[in-house]
Amino acid sequence: MKYWLVKSEPSKYSWEQFVKDDHAVWDGVRNYAARNNLREMEIGDEVLYYHSNEGLEIVGIAIVTKTAYQDPTTEDTNWVVVELKPYKQFPNPVMLTTLKADDFFHNMDLIRLSRLSVGKVTQAEYERIVEMGGLTA
DNA sequence: GCCAACGTTGGC
DNA sequence: GCCAACGTTGGC
């Protein structure tokens, strides 16, 4: 089992909309590092869902339901999508400022590579964030 | 709205 | 293959 984090701007695709849809094709990734992470995802992996630009907090957890395949929104075979499904919502969303203030997270992709839209999360980071969010891992 | 960080493009 | 120019992302 691996752990990940995806970013979405709430004005484009919010967690609330994701929950309403109960499923999402994660398309539009056009960055090689992010793409490589998508390719490594396996069914059942847990994915933190982060609101960028507005909110700036991790709001919930998604589950990978389908591994990488060609992005249907482009002909370019460099790009792939995965499919995600909402899993749990955090009672207490974990704010970026909180993570930044804590040395424990200094090496996290989200902090170190602020522009990366699909990042890795270590198991230790994941468990700590889930706990901070008010859920038990 | 600004700007820093980073990725990509294209000239040489 | 280097590097300057440019575009985009995303925090502030």
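Basis for what follows: all heavy atoms, side chains included, without hydrogens, waters or symmetry-related copies. Chain A is the first sequence line, chain B the second, and so forth, proteins listed ahead of strands; every chain is numbered from 1.
Annotation: A:Y50 is not in aromatic contact with A:W4 [ring centroid separation under 6.0 Å not met].
Ring geometry, A:Y49 versus A:F18: the interplanar angle falls under 30°, so the pair is classed parallel (tilted spans 30 to 60°).
Note: CZ (A:R115) to C1' (C:dC6) measures 12 Å, nearest angstrom. When the P atom of C:dT9 is taken as reference, atom CG of A:L96 falls 18 Å away, rounded to whole Å. A:L116 places its CG atom 17 Å from the C1' atom of B:dA4, with the value rounded to the nearest Å. One atom, CZ of A:R35, and another, C1' of B:dT8, lie 15 Å apart when rounded to the nearest Å. When the P atom of C:dG10 is taken as reference, atom CD1 of A:I111 falls 13 Å away, rounded to whole Å. Atom-to-atom, OH of A:Y13 to P of C:dT9 comes out at 19 Å; the value is rounded to the nearest Å.
When the side-chain nitrogen and oxygen atoms of A:K100 are compared with OP1 and OP2 of C:dC12, one or more of them lie within a distance under 4.0 Å. At C:dG11, one or more side-chain N or O atoms of A:Y50 fall inside 4.0 Å of OP1 or OP2 (strictly under the cut-off). The phosphate of C:dG10 (OP1 or OP2) has a side-chain N or O of A:K7 nearer than 4.0 angstrom.
With respect to A:K120 and A:E40, a salt bridge is recorded, a charged nitrogen being found less than 4.0 Å from a carboxylate O. Under the 4.0 Å criterion applied to side-chain N and carboxylate O atoms, A:R30 and A:D76 are not assigned as salt-bridge partners.
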